[in-house]
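Structure, as C-alpha cells:
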Amino acid sequence: MKNFAHINARSLDEAVTALQRYGKRAAIIAGGTDLLGKMKDEILPAYPEALVNIKTIPGLNLIEEKKGTLSIGALTRLEDIAIDARIIDGYPALAEAARRTASTHLREMGTIGGNICQDIRCWYYRNQNNRFACLRKGGGRCYAIDGDNRYHSIFGGSVEQGCYAVHPSDTAPALIALDATIKTSRRSIKAEDFFQVSVAKTTVLDDDEIVTEIQIPKPAGTSAFVKFALRKAIDFPIVNCAAMVTVSKKKVTAARICLNAVYVKPYRATAAEDAMKGKAINEANAEAAGAAAVSGARPMPYNAYMVQIAKTMVKRAILGCA
Amino acid sequence: MPPICPYCSTTFDAVDKLKTHIIAEHGAEPLPRPEGLIDLMVNGERYELQVEPNVTLYTVIHDRLGLTGVKMFCDRGACGSCTVIMNGRPVLSCMTLAIECDSATIETAEGIAAAKHPLIETYVKHHCMQCGYCTPGFVVTAKALLDRNPNPTEEEIREALSGNLCRCGTYPQHPKAVAEAAKLLQGGEGGTR
Ligand code: SF4
Ligand code: FES
Ligand code: FES
C-alpha cells in the first residue's frame, strides 16, 4: 500500500473540516474492509492523499430504541447488529441481512455506515491497477457490456452512465424495505433516495459528508431478508431481497419489497408490492408477485439466470413475512 | 533517542513516564503524543511502536514483533489466516491499520498456546492441519468464539469459522476439535477421535 496522511478525527466537525481541507483527495475510513482492499489494488481513480479515521469520533457506535424508532450509530459493527435481540425481534430483515454479510471477521470490523457506502464489485472496475479505465473511473466505455457480465444488472444500466455494475450491499435492501432514514453530518435522507450512480460514487453524499446514524421506524408488519450467494459465507450476493409486509384480516395492506445486486442501485420491486396488495400471503400469490417483480427485466448475454433467482428471492422474502 | 523532558531535561525510558513526570513536576499539560506512536498490549506484553500510516497490524505483529503465528494468505480480508483477537473481537490484521490500534489489547496464536488453551491439544488430536498454514487463524477465531460462547453448537462453530479458508481441505476436523476444547474448558472429559 502506498503511503498517505492519517488523521484521527476526534469529533464530527474535525472530520468534516479535514475532508474539506483535502477535497476529493481524502477518503473516510471506518472498518476499512472495503477501502483498504481498493488501496492495495490501486483501483481508485485517484489514490487518496489522506485517510480520515472516524472510528475515533465518540457517540457513533450505539443501538438505541426510543419512542418507536430504532437508532443505529454509523460505526456500529455488523456483528453487533446481527446479534442484537431487539433487532432480531423487531427488525428481523436487518438482523438477517447483517448476519448474512461477509464472514465473522469482516462483520466484527465492518460498520453499517460503511456497508451502505461500499463500492461496487464489478470485476473490470476492481481489476488491479485500474487496468480497465471504465465509465465509473471517468473513462470512455463499459467493459462489461461486451465482456463477462454474469454478475451484472438485469434491469439495464444507469441512465446517464451506461454502467451495469450492481450494488452489492446486503443491508441496503433491508433498510429500504424497513423504510429507514439515513442521517448524515448535514441532513436526513430516505434510504431509498440514498443511492446514486456516478463516477467513483455510489451514494448522494457530498465529499465532505459523513453518515452518522440510521433511524428505522418500528415496523407495522413483519419483515424478512433472503440471500442467494455461491457460498453461504464470505460471498457477496448474486441476488438478495428484503420485504416488509403488513397484514390485516389475512390480507396484505402494505408491502415494501427491495431486491439488490440486480441493478446499479437497490431495486425497489414496486410491481411485486402492487401484486401483493389485498392478497393473502401464500405460495401462489408470492410466486405471482415474484413474476411481476422481474417482468421488466432485460438481462445481458450472460446473466439471464439471475432473473429466475430474483423471482424466487422475491417469493421467499414474501413468504418469510408470513 | 529516549524521551526528554522539555522543562528539566531529565530522560525517561517511556513516553508515558515522561507524561506523568511533566504533569506532576511541572504542573503542565503533557506534550501531544507524537503522530504514529502506538501502544499495544500483545499476549500480555506491552509494546510501544512508531508506525507509518500505511503499515498494517499484520506487518507490525509478524515482522516487527516477530510473532509469526499470524499468517498472510490473501492480504485482502478474504481468508482469515491473519486473524488476531483485538479487544475481544476476531479481526483480520491484514485489513487493519496499525496506526488505528493505539491502546489495543491483542491476542495471537502464540498467546493462546502459552496459556495452554485446550484448543491446541484438540487441534493436534483431531489432525486439523495438513500444511498448517491456515491453522493459527482457525485457532484464534475458535478461541474468540469460545471466549464468548463457551458451549457452541456445531452450527455455531461452522458459522464462526466460515471466514477461515483452508487450501488443504481440513474443514471437517475443525468442529470436532472446537467442540472438544469447549468440553475440556468446562471441566469435562475429551472424547475419542
Ligand atoms: S459495469 Fe460499470 S464498473 Fe463495470 S466495467 Fe462497466 S462501467 Fe465499469
Ligand atoms: S491474509 Fe488477512 S484475510 Fe487473508
Ligand atoms: S492445512 Fe494447509 S491451508 Fe489449511
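Here is the naming used below: chain letters follow the sequence lines, and residue numbers restart at 1 for every chain. The model shown is predicted, which means the values in this text are computed figures rather than measured ones.
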Less than 4.5 Å apart, any side-chain heavy atom of B:Thr83 and any of A:His105? yes
Kindly say whether B:Gly163 contributes a backbone atom to a donor-acceptor pair with the side chain of A:Ser103 at under 3.5 angstrom? no
Between CG of A:Asp41 and CG of B:Asp75, what distance do you get to the nearest 0.5 Å? 9.0 Å
Tell me if the CZ atom of B:Arg167 is crowded by more than 12 foreign heavy atoms within 6.0 Å. no
Ranked by heavy-atom pairs below 4.5 Å to chain A, first place among B:Ile99, B:Asp102, B:Thr56 goes to B:Ile99
Contact check, side chains of A:Arg99 and B:Glu159, non-hydrogen atoms, under 4.5 Å: yes
Heavy-atom cut-off 4.5 Å, strictly under: side chain, backbone, both or neither for B:Ala144 against chain A? neither
Which atom of A:Met109 lies closest to which atom of B:Met95, heavy atoms considered: CE-O, 3.5 Å
Which portion of A:Leu35 sits near chain B, non-hydrogen atoms under 4.5 angstrom: neither
Part of A:Met1 lying under 4.5 Å from any heavy atom of chain B: both
Using a 4.5 Å cut-off on heavy atoms from C-beta on, say whether the side chain of A:Ile234 contacts that of B:Leu165. yes
Please evaluate residues B:Glu100 and A:Ile29 with respect to the criterion side-chain contact (heavy atoms from CB on, under 4.5 Å), reporting the C-alpha separation (whole Å), side-chain torsions for both, the decisive distance (0.1 Å), and the verdict. CA-CA 10 Å; B:Glu100 297 179 354; A:Ile29 181 163; 3.3 Å; yes
What part of A:Lys55 is in contact with chain B, defined as an atom under 4.5 angstrom from a non-hydrogen atom: side chain, backbone, both or neither? side chain
Write down the atom of B:Leu97, the atom of A:His6, and the distance for their closest heavy-atom approach. CD1-CD2, 4.2 Å
Tell me whether A:Arg121 at atom CZ has more than 12 heavy atoms from other residues, nucleotides or ligands lying less than 6.0 Å away. yes
Is it true that atom NZ of A:Lys201 has more than 12 heavy atoms of other residues, nucleotides or ligands lying nearer than 6.0 Å? yes
Do A:Lys40 side-chain atoms and B:Arg76 backbone N/O form a donor-acceptor pair below 3.5 Å? no
Interatomic distance, A:Thr33 atom OG1 to B:Leu92 atom CG [nearest 0.5 angstrom]: 9.0 Å
Do A:Asn3 and B:Glu52 have side-chain N/O donor and acceptor atoms under 3.5 Å apart? yes
Of all the heavy-atom pairs spanning B:Glu155 and A:Lys232, show the shortest one and how long it is. OE2-NZ, 4.5 Å
Comparing A:Arg231, A:Arg77, A:Glu79 against chain B, the one with the most heavy-atom pairs below 4.5 Å turns out to be A:Arg77
Considering only heavy atoms and a distance below 4.5 Å, find which of B:Gly77, B:Ala160, B:Gly80 pairs most often with chain A. B:Ala160
Residue B:Gln50 excluded, over 12 heavy atoms near CD under 6.0 Å: yes
